[in-house]
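Convention: sequence-line order gives letters A, B, ...; per-chain numbering from 1.
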Amino acid sequence: QTSEVVIGATYPLSGSGAQVGVDAQRAFETAIDIINNDQDFELPLAKGVGLPGLGGAKIRIVYADTQGDPQKGRAEAERLITQEKVSAILGSYQSAVAVTISQICERYQIPFMSADNSSPSLHRRGLKYYFRASPHDEMFSAGMFDFLDAMKKKGAKAQTLALFHEDTIFGTDSANAQTKLATERGYKIVADIKYRANSPSLSAEVQQLKAANADVLMPSSYTTDGILLVKTMAELGYKPNAIVAQAAGFSEKALYDAVGDKLEGAITRGSFSLDLAAKRPMVGKINDLFKAKSGKDLNDNTSRQFMAMIIMADAINRAKSTDGEKIRDALAATEMSGEQTIMPWKRVKFDESGQNNDADPVLLQYVGGKFVTIFPSQAAVAEPIWPMK
Amino acid sequence: MGLLYGLIAVGLALIFGLMDVVNFAHGEFLMLAMYVTFFLFTFFAIDPLLSAPLAAAALFVLGAAVYLVIVRFAMRAKANVGMVQIFATFGLAIVMRGLAQLFFTADYRSVPNSWLGGKTVSVAGIFLPQPQLFGALVAIAAFGGLYLFINRTDFGRALEATREDPGAVALVGIDKNRVFALGWGLGGALVGLAGAIMATFFYIYPDVGASFALIAYVTVALGGFGSVFGAFAGGIVVGLVEATTALILPPSLKSVGIYAVYLLVVFIRPRGLFGSM
Amino acid sequence: MLSVHEVTTAYQGLVAISAVSINVEKGEIVCVAGANGAGKSTLLKSIAGAERPRSGTVTFDGKRLDGMAQHLITATGIAYVPENRRLFPRLSVRDNLRLGSYLYRGDANREGPLDLVFNLFPRLQERLEQRAETLSGGEQQMLAIGRALMTRPRLLMLDEPSQGIMPKLVDEIFQAVKRIRDAGMTVLIVEQRMAECLEIADRAYILQTGRVLMQGPSAEIKGNPDVRKAYLGL
Amino acid sequence: MDKQFVERRRRDLITAAGLAAVAAIVPLFVKDVYVQNIMVLTLMYAALSQSWNILSGYCGQISLGHALYFGLGAYTTALLFTKFGVLPWFGMIAGGLISAAIAMALGYPCFRLGGHYFAIATIVIAEIGLLLIQNWDWAGAALGIDIPVRGDSWLKFQFTRSKLPYFYFALVLACVAWFVTWWLEDSKWGYWWRAVKDNPQAAESLGVVVFNSKMGAAAVSAFLVAVGGSFYAQFVSYIDPGSVMGFQFSLLMALPAVLGGIGTLWGPMLGAVILIPITELTRSYIGGSGRGVDLIVYGALIVLIALARPEGLVGLFSRRRKEATR
Amino acid sequence: MTALLETRGVWQRFGGLIANSDVSISVGRGEIVGLIGPNGAGKSTLFNLIAGVLPPTQGSIIFDGEDVTNLPAAARCQRGIGRTFQVVKSFETMTVIDNVIVGALVRNTVMREARRKAHEVLEFTGLAARADVLASDLVPAEKRRLEVARALATEPKLLLLDEVLTGLTPTEAQTGVALVRKVRETGVTVLMVEHVMEIVMPLVDRAIVLDLGKVLAEGKPSDVVRDPNVIKAYLGDRHAVGA
Ligand SMILES: Nc1ncnc2c1ncn2[C@@H]1O[C@H](COP(=O)(O)OP(=O)(O)OP(=O)(O)O)[C@@H](O)[C@H]1O
Ligand SMILES: Nc1ncnc2c1ncn2[C@@H]1O[C@H](COP(=O)(O)OP(=O)(O)OP(=O)(O)O)[C@@H](O)[C@H]1O
Ligand SMILES: CC(C)C[C@H](N)C(=O)O
Ligand SMILES: [Mg+2]
Ligand SMILES: [Mg+2]
């Protein structure tokens, strides 16, 4: 039988998203290490060598650079499928690129798993081979508003919101979800600022945020704009009452390296929490493995990339085949308990559109140089500090 | 902010305007200057303000080298010299980004806290961030210096003459390669200065140049090629327009304001505000 | 002073002058004449370094010029006014002239030759601020010669300086050439107006299809019946 | 002498037909879809660059904003299809016509601008277009437009796996662009354009209405590029503002022509045939490292080609030909 | 018969400088008229006004019975004004024949016709051997000839020649003179600027002298050269004796 299973990973490895792509490589390598070698974790496939279902076959990963361009993502996916003969594809950071990759995968009947794409539209296109284990923006946003509701109940000042989001798919989707939830749950949006991604300056935008002076600032920005936003806020003397961020840049180490001192008490939603290590020691150990490779802690993106690989490998193992259709069926039948992951999720189980609806987001607060889980209560290890600092 | 665009633009103005050469790697020059500043800070704890001259010197060498090694040969083209230069420097930009990623990794960096970083002065209720303020001062000084240099010295005149007809300056004993190499070096040095100041309030990564390149070109063109003062004025106009359009249009469209102003200006004055060519 | 020895120059494989040798002594006015396309301009270009000779040598005051960069040749004291003038079109008359003295940047008396220039071409003085490209054809020619004089050459090479110049001024230019020589310069001049040129020249060369056809003192050349017929239209 | 000229034109035509015929049978032997994909892109870029070359190469109006017309073509087709069910074939024509009309409307003020001012105006206008679409919710804004693919259909011009139909369409497009150039080259317009490029004032004095010439070139050029954009929308079946209207795209369209030989008949083709495979292969085979090596190689190649052959690669061929006839 | 070209009180100012002041001249059909005058007198400027490069500051230009003052250059070319530029403006990246074809296209819309016409003109002007050379490879004298060829290809009624016969040896100049005569024989009216008296005097039917932007003298060449004002301003003493 086959001695190796090839999985493709399509990421931006050059251009403005390169940093995420490069980090993703480390996350996948960590997962493959665990799968291919005998490790003592409560993760599927950790124990023993390789995939037992395929006679101990090992996983090999092939990377392709999308440069963040849908057309290139498409071409690379096709190349991975036809030339590298991959059995499945993981990807792809930018949701726009996921659109074309998932189309190609559909045509070739190869499963595609969004590790870190968060656009809700992705799983609503009636694709059979599309899967996403992690939450999408609506779920994330719902988590954020659940938290705000809880805070309000406690009497915190969280009535008015300022949305600050970039003009890409990610920013637009996030803002749409947040707007919808805000109206449903009776919040007032006092500023809804859509800005151009990678702008050279955000002064005008920050002036408007400052003028609106909302109770909660809700940014949806990548690292670059996140850094600029925080620096500009400091320079213009704007200190919001609270920040509740839609992850992305606000879960990147680089951002806190740059402007962490100005973010004491900032809150971001996330799908990963290192605090879980207290309850589930393997989380800490896996984090150490990852850190040894990358010099960084696992974060929102890398944890999901890691899990995507584990879940995919698990399905292939159960499918006992490298055939796309069989893997798809196995994926569709996935039933993984939360304990078997490194995430604070209830479980992994895909609905008919390929979305896992049981992946609960968490909210993390940046306190004293690290993240502390503050919501939901079953995962929380500390009380939120509100307002920030 | 406008003045900073101006400062970035002025390096361009020098290379692009005064020499009639397009440098598509301008943003990458800026990127490199920011990295130089960053590394000087992290490894030698040299404050960006002090390392600015070092960054300028490094970029001077780079600018001159780029001219001598690449642009000089691109200029040999008989027809469409402009396009050949555009693409030679475009290729160079890609190489520089690749090299930056290879050596500096794709990580986002930033100079955490310089002496000025994050401090603000409040003048009559308007907050002025110190780094920008300082940048503005440096920009004004650089503009002034360059303006005098170009308009009052023989080098400035030689540069203009070389742009007009590189083949003819030898008739009066000018070495065109020397003049151009110096011009590129100076352009680079100005970008070096700009980069050092930028580094105090901007993030740094291999593709950072892309954020600035277009706006810098528009700034130069708005002011008018061949005019140092134009680049200065262009920078101020762009800064003002940026700040004001954000009040009328959604911020994601704020650059539309700048672009529209550019179009408006050149439709009325086809050589920009102060252009001579 | 200047010695051109067996110089051959070609454009993309097409030989324009072959094995041409000429000599110019200090203080002389030497005229080079010949039909269109005979290679006169090519000869001057080869001396000035604007074209690189394929073979042969050019020496100036004992210094080898062939292969030297053009701007360095200018610095040795050779000023060259090309046929197409090569002014800096968008610079003012003043700047064009000032650039002529670029080599004497530090010199307190850098603008010394300006008197001579204005004396020769008062029109330039009236037009100091005008952009060179808007000058009339003749004015441009004046400026080109003026700029060359500003480099304080020991050898001045003029390619058809009378072109586009009004009759009155043609005479003046030829007289000026004489004065320039009297001011201590040596002049090598290419001209179609052989009659006028031979009047002031000490010696002349006639080129034909890239070779020296004839050479000698002006009077001798002027008297030659073939020359009279072929070049003077008499 | 005239005979020589007629012969040269005929030889160009025969060569082109021959090459097209060879190209047409290549995919019968090359079954690898990845390679086929590269061939489709190569042909597409050849066609785009050839079209760009009409305005910028022949007529000398350097446009660095052709992504606008490309995007207009792509968006018109995609919107008409997804919103109104209009078949892409009509969308293509509509996109072309809209682009040509817009090119002329924009040309009206822009053609008064010279050199860099013109080039920057084109960049800026394309960028405005991009921003407007990016903020236009009805057109999908940043989300772009996902064209649903429901099986193979010539009518809807969509095919799930096979690249062949796309390949042949791109081939036809490239041939059309080439042929239009060939045909215009020896027409009144072709001469006018080159005259306008070399010296507008002299051209005017010879009865060339400079402004109209530029308008004509802009219209033809924009039309063809927009058809290319329509094709791209169908080919990728997903478009978003950044990937069809970005500034990079304008550059990529010009690059083959510049490297191949700007303002020449064969330059864009030659440039595309060399450049596009390099672009794709460097990314695919050395881009996976995530260390930017592919960029270094790719960028260095561009620099080298630009420096080694500043007049364009076609020089390699024509020089040899000239010497052969001598 | 009315004049082919008439300028009525034409002025041209460049800032403070008056390049043409109240110039009224007329050129009859079939004439060869010489326009002479000192450097900077405004001759080329007047050509530019007639050909439509610039609109005159004041005054009007009548061509072939029509007021063309406000027509652009291209339209004037179509009506039959052909011109050369003193500072040559060849299409440098095009071959000689292609340069001429551009001109020929004004009256020949069929390419084959235009090409035939262009060859004919090249033959006529003696450039035929250089047809396939790039214009940038021509020497200055040839470029000037190309200017003439291009203008002739537009089949003008009036041909404006601005110093096209300079830089020729006297013998060569004779060929040029013959060429201009030949042009006239084909029914073209010629208005020419030239500084070389040996060429102008025998060739032109009439001479107009401009000085400081104004018409200084006008008449038969032999009369004009004797005019003391003309001698003083333009010819200098030697020509006074010579003529
Ligand atoms: N740039 C060039 N490219 C190709 N051939 C050239 C070039 N310049 C000159 N030639 C050729 O070289 C030969 C000599 O030209 P040159 O200009 O030296 O002649 P000339 O005697 O100065 O003529 P003229 O009296 O017209 O100025 C001519 O046959 C000409 O065609
Ligand atoms: N655009 C302009 N701006 C300013 N002055 C100009 C402009 N064009 C021409 N002039 C001036 O107008 C005067 C007339 O120029 P013009 O070219 O008509 O002279 P010309 O009679 O043709 O002289 P030449 O015989 O030397 O060619 C000149 O003094 C010239 O400097
Ligand atoms: C929060 C992010 C990880 C979102 C993701 N990159 C997307 O664009 O789909
Ligand atoms: Mg000559
Ligand atoms: Mg004149």
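Atom CG of D:Leu307 sits about 8.0 Å away from atom CZ of B:Phe73, to the nearest 0.5 Å. The CG atom of B:Leu99 sits 4.0 Å away from atom CD1 of D:Ile296, with the distance rounded to the nearest 0.5 Å. Going from atom CD of D:Glu127 over to atom CD1 of B:Ile215 covers 9.5 Å, rounded to the nearest 0.5 Å.
Within a 6.0 Å sphere centred on CZ of B:Arg109, other residues, nucleotides and ligands contribute more than 12 heavy atoms. The 12-atom threshold is exceeded at CZ of B:Arg72, counting heavy atoms of other residues, nucleotides or ligands nearer than 6.0 Å.
Using a 4.5 Å cut-off between heavy atoms, B:Leu222 does not touch chain D at all. Interface remark: D:Ala257 contributes no atoms to any contact with chain B (heavy atom separation under 4.5 Å). For D:Ile120, the parts lying near chain B are the backbone and the side chain together; criterion is any non-hydrogen pair under 4.5 Å. With a threshold of 4.5 angstrom between heavy atoms, B:Phe103 does not approach chain D through any atom at all. Looking at B:Val265, there are no atoms closer than 4.5 Å to chain D (heavy atoms on both sides), in backbone or side chain.
Partners of B:Asp107 according to the side chain to side chain donor-acceptor pair (under 3.5 Å) rule, which considers only residues two or more places apart in sequence or in another chain, are A:Lys296.
Ranked by heavy-atom pairs under 4.5 Å with chain B, the first of D:Gly114, D:Ala306, D:Ser56 is D:Ala306. Between chain B and the options D:Leu255, D:Ile302, D:Leu132, the largest number of non-hydrogen pairs under 4.5 Å is found for D:Leu255. Top candidate by heavy-atom pairs under 4.5 Å with chain D, chosen from B:Ile94, B:Val256, B:Leu214, is B:Ile94.
Contact of the B:Phe267 side chain with the D:Leu113 side chain is registered, since non-hydrogen atoms from C-beta on lie closer than 4.5 Å. In this structure, the side chains of B:Phe87 and D:Leu251 come closer than 4.5 Å at one or more pairs of heavy atoms. You'll find the side chain of D:His116 stays beyond 4.5 Å of the side chain of B:Tyr217, heavy atoms only.
Taking both residues in full, the closest heavy atoms of B:Ala260 and D:Ile128 are given as N-CD1, 4.2 Å, listed atom of the first, atom of the second, then distance. Across all non-hydrogen atoms, the minimal contact from B:Val95 to D:Ala300 is CG2-N, 3.1 Å. The heavy-atom pair separating D:Arg112 from B:Ile268 by the smallest distance is NH2-N, 4.3 Å. The shortest heavy-atom contact between B:Leu263 and D:Ala121 is CD2-CB, 3.8 Å. Here the shortest heavy-atom pairing between B:Ala221 and D:Tyr117 reads O-CE2, 3.4 Å.
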All N/O donor-acceptor pairs, side-chain side in residues 57-66 of chain D, below 3.5 Å, sequence neighbours left out:
{"residue": "D:Tyr58", "atom": "OH", "partner": "D:Glu185", "partner atom": "OE2", "Å": "2.8"}
{"residue": "D:Tyr58", "atom": "OH", "partner": "D:Leu265", "partner atom": "N", "Å": "3.3"}
{"residue": "D:Gln61", "atom": "NE2", "partner": "D:Cys59", "partner atom": "O", "Å": "3.2"}
{"residue": "D:Ser63", "atom": "OG", "partner": "D:Gly65", "partner atom": "N", "Å": "3.2"}
{"residue": "D:Ser63", "atom": "OG", "partner": "D:His66", "partner atom": "ND1", "Å": "2.8"}
{"residue": "D:His66", "atom": "NE2", "partner": "D:Ser221", "partner atom": "OG", "Å": "2.8"}

